[in-house]
Amino acid sequence: VRHQQNMAESLAERILSDLSAAFLRHPNIDEVGFIHCPTCQHNRSPVVVENNKLGIETWCLELVFPYAYDKVLRARGRDDSGRKIKVSRRSRSLLEATRVVLLIQADCLTAWNIRKELVEAEDLRCIQDLKFAQLVLTKHPKSSETFAHRRWLLKQLIQKTTSTSSQHPSSNPTVPISQASHANGLVRDQALGGALSVQSVNGGNAKSGASQLPCEGKLLETELAVCQSSAERYPSNYYAWTHRAWVVEHVARCHHKILVKELSDTRHWVSRHISDHSGLQYRQFLLTQLVAHFRLAGDLQEEFLPLLNAEFELLSDLMTAFPGHEALWYHRRYVFQQWESVLSMCKCPRSDNSASGKNNTHSHHVHSDEPVESYTRSASSFSRDCEGSEREHLMAQGNKKAKVDPMYTEHHTFETEQEFCRSVMRTCQDGWQVRLAGSYQHWLQQRVLEQDSKSL
């Protein structure tokens with residue numbers, strides 16, 4: 001038995017070495033998968049790389065995973081004197097072991113924590129670990145721990161950006177994330193490569209921190225692409241869409257141009273995934289942040305109502321073309337609630353100007369030497385950042401009673417929505433669609449009764 005265990009460990013060590021060699025020879029591996037092969041049929045390595053796609057034969061998983069996981073657990077042990085072992089002493093070995101463990105079992109929190117310690121010890125680059133986590137998500141697109149680790153890495157990058165910017169405000173070398181490679185992932189003799197440059201959303205040098213991102217635009221673009229890919233690989237991927245909302249809120253700081261672009265970019269995706277509640281809830285997140293921004297700017301009628309109207313048109317088209325999808329009807333409830341709320345804001349003068357004015361006098365700009373918490377605040381606090389003169393102008397606008405365009409007041413009322421429901425119930429042959437329309441009509445009637453009771 002002991003002899004068999006030694007042979008199994010020897011074979012697992014060779015497989016681990018083959019995987020490490022594969023990452024060294026192919027530093028741009030962008031996808032991983034398992035090749036169904038219950039037994040070893042050929043005298044060759046079970047690790048295959050073709051066109052930067054990594055394949056691992058399934059027969060070797062039961063050998064290499066326990067071997068690598070045992071290495072990970074040993075790293076959490078203590079030395080002969082009882083002190084906790086520092087992971088940086090065996091950084092290369094641990095990097096290879098955690099890589100194997102996470103490619104097979106992505107939700108192993110112990111392995112991710114070891115990689116965090118390697119990053120903190122500057123034995124592993126944040127950018128390279130982000131790329132590895134992206135590789136893990138190609139096989140495990142709904143791994144909550146992987147997304148959590150990405151958020152931790154992004155916070156580290158932002159923190160390095162702010163600290164480096166304060167020391168060298170004019171000479172920050174940029175680390176292109178596209179040039180990151182797996183290789184062995186270890187930091188060599190050169191420095192960390194500098195922090196990511198802070199670029200404005202408009203692509204130029206902004207004077208005010210309120211119009212800047214706390215990282216380079218390429219990093220934001222990559223994060224959104226990772227979320228998109230994970231959502232494509234796994235339907236109703238709550239973790240991917242939640243991470244995307246976190247990125248928009250904390251990395252992009254809910255900049256209104258990015259919010260509008262995201263609303264436009266996800267329109268086609270929602271049209272192809274009409275039953276995905278998570279994707280529609282992400283659009284609700286975008287609309288909620290936009291209404292906060294445009295309300296402060298006094299542009300609800302000019303900027304936000306057209307977006308809501310376009311959302312109504314999108315839902316009507318999808319409901320007609322694809323009947324019987326509950327997610328669309330629930331999303332329509334949200335959009336109608338927002339429509340009512342915005343119209344009431346436009347018709348009535350803002351009553352919180354004095355309070356908001358007092359709060360805004362204490363607001364401050366985000367400077368490059370502020371800690372990462374300044375960049376990771378909520379969207380509501382970000383939307384309150386504006387220039388002093390512009391703020392006074394907005395407050396003056398808020399005291400005026402707005403005139404709502406009749407085109408908006410006549411669209412999407414209780415009557416028009418109920419007529420839409422009656423039209424669906426008359427013409428649609430899908431029984432479930434008729435039932436959903438009836439449920440939506442009942443919800444509308446309940447809202448009418450609630451408003452009547454409040455008015456009394």
message: Between H255 and H293, is there a side-chain heavy-atom distance shorter than 4.5 Å?
response: no
- prompt: Taking the six-membered ring of F312, is the NZ or CZ of R332 close enough (under 6.0 Å from the centre) and on axis enough (within 45°)?
  reply: no
- line: For C126 and L157 the tightest heavy-atom approach is CB-CD2, 3.7 Å
- request: Check whether the side chains of S439 and Y330 place a donor and an acceptor atom closer than 3.5 Å, and report yes or no.
  value: no
field: Under 3.5 Å donor-acceptor, N237 side chain and P141 backbone
entry: yes
query: Which heavy-atom pair separates V101 from A111 by the least distance, and what is that distance?
result: CG1-CB, 4.3 Å
message: Please report the interatomic distance CG(L318) to NE2(H331), rounded to the nearest 0.5 Å.
response: 9.5 Å
message: Any non-hydrogen side-chain atom of I56 less than 4.5 Å from a side-chain atom of I35?
response: no
query: So, for W339 and F336, is the gap between ring centers shorter than 6.0 Å?
result: no
query: From S278 OG over to Y282 OH, what is the distance, rounded to the nearest 0.5 angstrom?
result: 13.0 Å
field: Heavy-atom side-chain proximity of F34 to K139 below 4.5 angstrom
entry: yes
message: For Y69, is the OH atom crowded, meaning more than 12 foreign heavy atoms sit under 6.0 Å from it?
response: no
Gap between atom CG of D30 and atom CG of L54 - 0.5 Å precision: 10.0 Å
task: With sequence neighbours excluded, tell me which residues meet side chain to side chain donor-acceptor pair (under 3.5 Å) with S236.
output: none
- request: Take Y440 and E417, measure what side-chain hydrogen bond (donor to acceptor under 3.5 Å, both in side chains) needs, and give me the verdict at the end.
  value: CA-CA 9 Å; Y440 181 61; E417 287 297 288; 2.5 Å; yes
Exam field: side chain T416 to backbone T413, donor-acceptor pair closer than 3.5 Å: yes
Exercise: identify the closest heavy-atom pair between E302 and G298: OE1-O, 3.9 Å
message: For the CG atom of L154 and the CH2 atom of W246, what is their distance to the nearest 0.5 Å?
response: 5.0 Å
field: Criterion side-chain contact (heavy atoms from CB on, under 4.5 Å) on T138 and K53, from CA distance to verdict
entry: CA-CA 10 Å; T138 61; K53 314 298 178 185; over 6 Å; no
V251 side chain near K155 side chain, heavy-atom distance below 4.5 Å: no
- request: Please step through salt bridge (charged side-chain N to carboxylate O under 4.0 Å, His left out) for the pair R422 and E419, ending with a clear verdict.
  value: CA-CA 5 Å; R422 288 191 289 267; E419 178 56 34; 3.2 Å; yes
task: Starting from the C-alpha separation in whole Å, work towards a yes-or-no answer on side-chain contact (heavy atoms from CB on, under 4.5 Å) for F132 and I127.
output: CA-CA 9 Å; F132 171 71; I127 289 293; over 6 Å; no
- prompt: For D265, what residues pass the salt bridge (charged side-chain N to carboxylate O under 4.0 Å, His left out) criterion, not counting sequence neighbours?
  reply: K261
- prompt: With a 4.5 Å heavy-atom cut-off, do R244 and T266 have their side chains touching?
  reply: yes
- prompt: Is there side-chain contact between E326 and Q433, with at least one heavy-atom pair below 4.5 Å?
  reply: no
field: Residue pair R99, L19: steps toward the side-chain contact (heavy atoms from CB on, under 4.5 Å) verdict
entry: CA-CA 9 Å; R99 182 164 53 196; L19 274 169; over 6 Å; no
message: Please find the pair of heavy atoms, one from L135 and one from V32, that lie closest to each other, and give the distance.
response: O-CG1, 3.6 Å
task: Please report the closest heavy-atom contact between C108 and L102, naming both atoms and the distance.
output: O-CD2, 3.7 Å
field: side-chain hydrogen bond (donor to acceptor under 3.5 Å, both in side chains) evaluation trace for E223 with H243
entry: CA-CA 9 Å; E223 280 303 302; H243 180 74; 2.8 Å; yes
task: Please identify each residue that fulfils ring pair (Phe, Tyr, Trp, His ring centres under 6.0 Å) with W269, with sequence neighbours left out.
output: W241, H273
- prompt: Taking only residues two or more places apart in sequence or in another chain, which ones pass side chain to side chain donor-acceptor pair (under 3.5 Å) with Q446?
  reply: none
statement: Heavy-atom closest pair (L444 atom, C421 atom, distance to 0.1 Å) is CD1-SG, 4.4 Å
query: Can you name the residues that form a side chain to side chain donor-acceptor pair (under 3.5 Å) with R426, not counting sequence neighbours?
result: none
statement: Rounded to the nearest 0.5 Å, the CD atom of E120 sits from the CD atom of Q156 at a distance of 6.0 Å
task: Check the pair D107, S143 against side-chain hydrogen bond (donor to acceptor under 3.5 Å, both in side chains), reporting the backbone distance first and the verdict last.
output: CA-CA 6 Å; D107 286 327; S143 170; 2.7 Å; yes
- request: Determine whether more than 12 heavy atoms belonging to other residues, nucleotides or ligands lie under 6.0 Å from atom CZ of F65.
  value: yes
field: Donor-acceptor under 3.5 Å (R150 side chain, L130 main chain)
entry: yes
query: H140: what forms a side chain to side chain donor-acceptor pair (under 3.5 Å) with it, not counting sequence neighbours?
result: none
- prompt: So does F294 have more than 12 non-hydrogen atoms from other groups sitting under 6.0 Å from CZ?
  reply: yes
message: I'd like to know if the side chain of S229 and the backbone of V226 have a donor-acceptor N/O pair within less than 3.5 Å.
response: no
task: Give a yes or no on whether the backbone of Q337 and the side-chain of S341 come within a donor-acceptor separation of less than 3.5 Å.
output: no
E249 side, atom CD; C254 side, atom SG - distance, nearest 0.5 Å: 5.0 Å
task: Given side-chain hydrogen bond (donor to acceptor under 3.5 Å, both in side chains), test H149 with R115 step by step and report yes or no.
output: CA-CA 9 Å; H149 186 68; R115 296 182 78 90; 5.1 Å; no
message: Under 4.0 Å between a side-chain nitrogen and a carboxylate oxygen: does that hold for E31 and R233?
response: yes
query: Side chains of H325 and W432: closer than 4.5 Å at any heavy-atom pair?
result: no
Flag side-chain contact, heavy atom, 4.5 Å: E340 against Q451: yes
query: What do the steps show when you test F304 against L287 for side-chain contact (heavy atoms from CB on, under 4.5 Å), and what is the final call?
result: CA-CA 9 Å; F304 187 68; L287 291 169; 4.1 Å; yes
